[in-house]
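Working notes, beginning with the structure itself.
Because only heavy atoms are used, hydrogens play no part in the values below, and waters and symmetry mates are left out as well, while side chains stay in. None of the values given here were measured: they were computed from a predicted structure. Chain naming here is simple, since letters A, B, ... match the order of the sequence lines and numbering starts at 1 in each.
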2 protein chains.
Amino acid sequence: MTPEIPAPVRSRKAQIDHTATALFRARGFAATSMRELATKLGLEAGSLYSHIKSKEEILHRVCFGLAEAFFSAFAEATANAQAPLATQLRQAIEAHVRVLTQDSAASAVFLHEWRHLSEPARTEFLALRDRYEAGFRTLITRGTATGELHTPDAAFAALTLLASLNWLPSWYRPDGKLAPEDIAHRLAEQLLNGIRNSQ
Amino acid sequence: MTPEIPAPVRSRKAQIDHTATALFRARGFAATSMRELATKLGLEAGSLYSHIKSKEEILHRVCFGLAEAFFSAFAEATANAQAPLATQLRQAIEAHVRVLTQDSAASAVFLHEWRHLSEPARTEFLALRDRYEAGFRTLITRGTATGELHTPDAAFAALTLLASLNWLPSWYRPDGKLAPEDIAHRLAEQLLNGIRNSQ
DNA sequence: CCTACCGATCGGTAGG
DNA sequence: CCTACCGATCGGTAGG
């Protein structure tokens, strides 16, 4: 018999994270009360603390969990270093969109609520985010060097590219007419157009 | 002698709005306390209420004030209905960026804190925002009809275009190396590239 | 514009 | 996981 990690505990914690994420997104971290969260889960407020240590712990887990998801999606998308840089960039865009649409509530929290992290988590988080943006910046810079891409300012292009993508959680609806893969494809197409070398 | 609107009153209220806007942006509306705001202004918390009626009143004024600024900038940019649609769109983009950079704190509050408005203000605000987005959508739709622009989905293009622009307040620094007009110009250039008909 | 204060609500804990 | 509760802090008010 293999020992099992007690399933109910894990699942309760996951439930808390999931419900809290939806509330953090809808009302913001500061405006979400632990009592409201408890009520949504059918618990009393005090009972939450048998599963978690603090309100911020939930936020921490959501923000850093998403960071990890973005990094691993990016790594996979650019795994083939021999591929044309336009292809790598397209795949990175599509991978980013896939993470965003897979859990748009968590993504919205990742994008907007991180500032409620206290130090040193906040600084660590910003460093991760900068590193992720640098990945896109590097692809664009290298694509410009090889002549595949064309832009007067790679950093600027990377910033606006991620901006377009990161607005997605604020309008994406899982039951909308566009499937995640369609959205990913169109965004990649349109954004690459803006910086592709047409000569 | 012409009667004067008592200047100190107006200016105190404007000071409160201005300082509150900076705090709302930095910490979020819910996490900003009236005591913190009062301290920054050299007042006691209770004294704020000789100038304002409630915390939300400030948020209301900021959100709806910015909405007005965006609308009038857009109207001016598209005043010449005979101009090519690509030109009108470029001017609308530049006008939008100008509003964003002129008061990036207020813009950030406009973009992210409106959800703390209570009803019916919240619904009114969203209606205004939708109407503004529709302005861009219409320009793109008409530009596509005349053949000046090219995109498979005007609504989608409008959404991503505004997304790129609206990320600006989160990275724009008034003392950065790019002047507002440079930013406006580059953004317009890059974003129009993505949807311009190159045939 | 201040002092003094209100009721409500917050995140979190002790003990079971 | 609940009951009962803690100290702290919240937005806002009365009276001057």
Side-chain angles (χ1 to χ4, degrees), chain A residues 5-63 109 113-122, chain B residues 5-63 109 113-122:
Chain A
I5 296 150
V9 173
R10 282 250 298 255
S11 124
R12 228 352 169 189
K13 196 168 179 175
Q15 270 180 53
I16 292 173
D17 282 0
H18 184 258
T19 307
T21 299
L23 284 171
F24 290 170
R25 179 212 204 155
R27 312 203 196 301
F29 176 78
T32 300
S33 80
M34 297 306 272
R35 279 155 182 85
E36 193 180 4
L37 172 58
T39 301
K40 280 233 174 190
L41 289 160
L43 300 176
E44 292 305 315
S47 307
L48 290 169
Y49 293 88
S50 348
H51 303 285
I52 59 162
K53 274 188 302 194
S54 69
K55 185 184 180 185
E56 189 178 332
E57 188 202 289
I58 306 174
L59 180 63
H60 189 283
R61 211 163 24 241
V62 174
C63 289
V109 171
E113 304 300 326
W114 55 266
R115 61 182 165 173
H116 293 107
L117 291 168
S118 53
E119 296 296 351
R122 189 185 148 119
Chain B
I5 295 149
V9 173
R10 282 249 299 254
S11 125
R12 224 358 167 185
K13 196 168 178 175
Q15 270 179 54
I16 291 174
D17 282 1
H18 184 257
T19 307
T21 299
L23 284 170
F24 290 170
R25 179 213 204 153
R27 313 203 195 300
F29 176 78
T32 300
S33 80
M34 297 306 272
R35 278 156 182 85
E36 193 181 5
L37 172 58
T39 301
K40 280 233 173 190
L41 289 160
L43 300 176
E44 293 304 315
S47 307
L48 290 168
Y49 293 87
S50 349
H51 304 285
I52 59 162
K53 274 188 301 192
S54 69
K55 185 184 179 185
E56 188 178 334
E57 189 201 288
I58 305 174
L59 180 63
H60 189 282
R61 216 168 15 247
V62 175
C63 288
V109 171
E113 305 298 326
W114 56 266
R115 61 181 166 175
H116 293 107
L117 291 168
S118 52
E119 296 297 350
R122 188 184 148 120

| Any idea which of C:dT3, C:dG11, D:dT3 is nearest the A:Glu44 side chain? | D:dT3
| note | Of the candidates D:dC10, C:dC1, C:dG11, the side chain of B:Ser33 sits closest to D:dC10
| message | Applying the Watson-Crick and G-U wobble criteria at under 3.5 Å, what pairs with C:dG16? Answer none if nothing qualifies. | response | D:dC1
| remark: Taken to the nearest whole Å, CD1/B:Ile52 to P/D:dT13 is 10 Å
| task | Would you mind telling me which of C:dT3, D:dC1, D:dG12 lies closest to the side-chain atoms of B:Ser54? | result | D:dG12
| How close or far is atom P of C:dA14 from atom NZ of A:Lys53, stated in whole angstroms? | 15 Å
| task | Tell me whether the OP1 or OP2 atom of D:dG12 has a side-chain N or O from B:Arg35 closer than 4.0 Å. | result | no
| Of the nucleotides D:dT3, D:dC1, C:dC2, which one has an atom closest to the side chain of A:Arg12? | D:dC1
| Should B:Gln15 and B:His18 be marked as a side-chain contact (heavy atoms from CB on, under 4.5 Å) after you check the CA-CA gap, both sets of side-chain angles, and the distance that decides it? | CA-CA 5 Å; B:Gln15 270 179 54; B:His18 184 257; 5.7 Å; no
| field | For D:dC6, the Watson-Crick or wobble counterpart (both distances under 3.5 Å) | value | C:dG11
| remark: Taken to the nearest whole Å, CG/A:Leu23 to P/C:dG11 is 11 Å
| request: Let me know the distance between CG of A:Leu37 and P of C:dG11, rounded to the nearest Å. | output: 10 Å
| Just how far is it from atom NE2 of A:His60 to atom OG of A:Ser118, taken to the nearest 0.5 Å? | 8.5 Å
| task | Respond yes when some side-chain nitrogen or oxygen of A:Tyr49 is under 4.0 Å from OP1 or OP2 of C:dG12, and no when none is. | result | yes
| remark: Per nearest nucleotide of DNA chain C, the residue lying toward the 5' end, A:Ala31 or B:Gly42, is B:Gly42
| B:Phe29 CZ to D:dC10 P: how many Å, rounded? | 13 Å
| request: Under the side-chain contact (heavy atoms from CB on, under 4.5 Å) rule, what do B:Arg12 and B:Leu41 come out as? Steps first, then yes or no, please. | output: CA-CA 9 Å; B:Arg12 224 358 167 185; B:Leu41 289 160; 4.2 Å; yes
| task | Have a look at B:Ser50 and say if it touches a base, only the backbone sugar-phosphate, or nothing, with a 4.0 Å heavy-atom cut-off. | result | base
| message | Between P on D:dC10 and CD on B:Glu56, what's the gap in Å once rounded to a whole number? | response | 18 Å
| query | Between D:dC6 atom C1' and A:Met34 atom CE, what is the distance in whole Å? | reply | 17 Å
| Quick one: B:Lys55 NZ to D:dT9 P, roughly how many Å, whole number? | 15 Å
| request: Identify whether the distance between the nearest side-chain nitrogen and carboxylate oxygen of B:Glu57 and B:Arg61 falls below 4.0 Å. | output: yes
| task | State the CG-CD distance between A:Leu117 and A:Glu56, to the nearest 0.5 angstrom. | result | 5.5 Å
